[in-house]
Amino acid sequence: MKLSDLRLTVVGVPRSTGFVSKHVIVELMTDEGLTGIGEMSDFSHLPYYSIDLKDLTTVLKGILIGQNPFQLSRMNMELKSHFPEANFYYEKGNFIRNGIDAALHDLCAKALNMPVSEFMGGAIQQKIKVCFPIFRHRFMEEVEENIAVVRQRLEQGFDVFRLYVGKNLDADEAFLDGVQREFGSRVKIKSLDFSHLLDWKASLKAIRRLSAYDFEMVESPAPQNDFEGLRQVRMKSDYPVSEHVWSFRQQHEMLRQDSVDIFNISPIFIGGLTSARKAAAAAEVAGKGCLLGTTQELSIGTAAMAHLGSTLVNLNYTSDPTGPELYVGDVVKEAVRYEDGYLLVPGADKPGLGMELDLEKIEQYRVPDLSWGAVSVHQLQDRTSQTKQ
Ligand SMILES: O=C(O)C(=O)C[C@@H](O)[C@H](O)C(=O)O
Ligand SMILES: [Mg+2]
Ligand SMILES: [Mg+2]
């Protein structure tokens with residue numbers, strides 16, 4: 001079987017908050033009539049430049065056409081030489097590699113008539129506990145709105161939440177207080193995510209202030225690649241520290257400097273399922289915990305993570321992928337499903353990722369390119385459509 005063609009389609013899908021994320025849907029065709037699908041999820045992150053889709057399609061065709069999709073190691077190596085690791089969390093080259101690697105996995109598993117989880121070694125769990133994100137407060141008036149989100153999502157079965165913090169600590173505290181008063185032990189806060197916005201001393205001060213409330217871990221409490229800062233927080237606070245993995249080099253440093261307790265692993269940020277499996281294995285070997293992170297993928301990207309997560313022996317913390325619950329629409333016939341706060345791994349009866357493209361929905365959300373509209377750095381950092389300064 002040989003790869004014969006590639007199609008990339010950009011969609012812009014709004015979230016219920018109004019924020020629009022642009023994703024690229026990947027279709028990889030073969031000479032045997034099979035098509036693999038993947039997703040380069042959520043390009044709507046800094047840095048504030050965009051990829052030219054025409055150029056990208058030409059480059060990727062040059063790498064992929066004529067290749068055997070089962071040559072996953074070779075193609076990942078080749079992709080990495082064109083889109084190298086850059087030691088930046090939102091490096092767009094990683095998003096590109098991820099979409100292609102997912103489509104290759106979908107193709108291989110379809111050719112073998114098995115789910116991607118089986119192709120990757122076999123599922124050891126069929127559902128993955130996830131938490132719902134509460135986006136960062138900048139203003140006090142957002143607190144009540146966010147408590148209403150908790151109320152509504154709890155009714156749908158999401159009983160674990162994570163909170164982005166660090167821009168308005170009074171509001172962060174008021175939210176935690178409101179949640180504790182109204183929901184008590186019915187709601188759990190998994191993490192406070194500082195998103196690399198504060199230096200480690202400022203994060204530590206905030207953690208101490210907010211420690212009057214229950215939460216399980218702190219995430220990204222230092223600037224990107226500040227391994228010593230992470231370690232300081234880890235040693236000086238009572239909470240486990242989690243950090244995203246965005247390159248093997250960065251993961252190596254975090255291991256070498258014993259900076260974290262938990263690796264937050266998502267294929268999108270490390271450049272694909274193949275690399276994500278290696279990052280999870282490195283965590284396992286080092287005796288570190290691991291959870292599935294997210295960029296808030298659509299259903300194809302989320303399904304890829306569900307398959308990956310189902311095979312991991314060290315997925316020992318609540319994970320993050322809730323994209324299909326955040327967006328107002330999707331591009332597949334049947335979206336991934338959530339039940340009682342768990343992401344369900346697509347059924348064993350469905351080959352590949354278990355997702356089927358819906359051409360009408362693609363048309364509904366199709367946009368010409370990845371170019372940016374008017375959006376502020378605050379909106380990008382805080383993932384809201386709030387324009388107030
Ligand atoms: O844990 C994180 O950090 C995120 O979830 C990052 C978010 O910015 C996410 O990528 C989003 O788009 O909401
Ligand atoms: Mg995070
Ligand atoms: Mg994102």
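Just so you know, these numbers use all the heavy atoms, side chains as well, and skip hydrogens, waters and symmetry mates. Numbering of ligands and ligand atoms starts at 1, following listing order.
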With nothing but distance in play, are any N or O atoms of D42 less than 3.5 Å from an N or O of ligand 1?
yes

Distance from atom 9 (C) of ligand 1 to nearest protein heavy atom, with residue and atom
T295 O, 3.7 Å

Does atom CZ of R7 have more than 12 heavy-atom neighbours from other groups under 6.0 Å away?
no

Please tell me if the side chains of V332 and E356 come closer than 4.5 Å, counting only heavy atoms from C-beta onward.
no

Do the rings of F175 and H137 sit parallel, tilted or perpendicular, given the 30° and 60° boundaries?
tilted

Quick one: look at E243 and ligand 1, take heavy-atom pairs under 4.0 Å, and tell me if it's side chain, backbone, both or neither.
neither

Are D382 and K167 within salt-bridge range, i.e. N to O under 4.0 Å?
yes

Ligand-side contact atoms (ligand 1) for residue partner Y90, heavy atom cut-off under 4.0 Å:
6 (C), 7 (C), 8 (O)

Number the atoms of ligand 1 from 1 as they appear, then name those within less than 4.0 Å of a heavy atom of Q296, with their elements.
11 (C), 13 (O)

Report the name of the N/O/S atom of E219 located nearest to the Mg ion (ligand 2).
OE2

Is the contact between F194 and ligand 1 made by the side chain, the backbone, both, or neither, using heavy atoms and a 4.0 Å cut-off?
neither

Y338 ring centre to K127 NZ or CZ under 6.0 Å, with the angle to the axis within 45°?
no

Of all the atoms in ligand 1, which lie at a distance below 4.0 Å from a heavy atom belonging to T294?
4 (C), 5 (O), 10 (O)

Any N/O pair N264/ligand 1 closer than 3.5 Å:
no

Atom indices of ligand 1, in the order listed, that fall short of 4.0 Å to a heavy atom of H244
1 (O), 2 (C), 3 (O)

Passes salt bridge (charged side-chain N to carboxylate O under 4.0 Å, His left out), E339 versus R337? Steps please.
CA-CA 7 Å; E339 224 173 72; R337 290 198 304 122; 3.4 Å; yes

The Mg ion (ligand 2) has as its nearest N, O or S atom from H244 the atom NE2

Taking it one step at a time, do L312 and E284 satisfy side chain to side chain contact (heavy atoms under 4.5 Å, CB included)?
CA-CA 9 Å; L312 297 181; E284 183 190 345; over 6 Å; no

Show the atoms of ligand 1 that are less than 4.0 angstrom away from any heavy atom in E219.
1 (O)

So the atoms of ligand 1 within less than 4.0 Å of a heavy atom of D193 turn out to be 1 (O), 2 (C), 3 (O)

Provide, to 0.1 Å, the distance between atom 7 (C) of ligand 1 and the closest protein heavy atom, together with that atom's residue and name.
Y164 OH, 3.5 Å

Charged N-O contact under 4.0 Å between D101 and K80
no

Considering only non-hydrogen protein atoms, determine which one is nearest to atom 13 (O) of ligand 1 and report residue, atom name and distance to 0.1 Å.
R15 NH1, 2.9 Å

Below 4.0 angstrom, N of the basic side chain to O of the carboxylate: do K205 and D199 qualify?
no

Determine the interplanar angle of the H244 and F269 rings, folded into 0 to 90°, and report it as parallel if under 30°, tilted if 30 to 60°, perpendicular if over 60°.
perpendicular

Between D214 and K190, is the closest basic N to carboxylate O distance under 4.0 Å?
no

So which protein N/O/S atoms does the Mg ion (ligand 3) have within less than 2.8 Å?
D42 OD2, H45 NE2, T295 O, T295 OG1

Take a 6.0 Å sphere around CD of Q71 and say whether it holds more than 12 heavy atoms from other residues, nucleotides or ligands.
yes

Determine, using heavy atoms of R136 and all atoms of ligand 1, whether some pair is separated by less than 4.0 Å.
no

Return yes or no for this condition: an N or O of Y89 is under 3.5 Å from an N or O of ligand 1.
yes

Is it true that D258 and K288 have a side-chain N and a carboxylate O under 4.0 angstrom from each other?
yes

I'd like to know if H45 contacts ligand 1, where contact means a heavy-atom distance under 4.0 Å to any ligand atom.
yes

Looking only at protein heavy atoms, which one is nearest to atom 11 (C) of ligand 1, and what is the separation?
R383 NE, 3.2 Å

If I apply the N/O under 3.5 Å rule, does S195 come out as touching ligand 1?
no

Heteroatom of D193 nearest to the Mg ion (ligand 2) (N, O or S, atom name):
OD2

For ligand 1, which atoms, with element, lie under 4.0 Å from some heavy atom of F135?
13 (O)

Does the pair R249/E253 count as a salt bridge with the N-to-O cut at 4.0 Å?
yes

Does this structure show an ion pair linking E173 with R209, if we count only N-O contacts that are shorter than 4.0 Å?
yes

Heavy-atom pairs closer than 4.0 Å: do any link ligand 1 to the side chain of F19, the backbone, both, or neither?
neither

Decide yes or no for P69 and L28: does some side-chain heavy atom of the first lie under 4.5 Å from some side-chain heavy atom of the second?
no

Carboxylate-amine/guanidinium proximity below 4.0 Å for K2 and E32
no

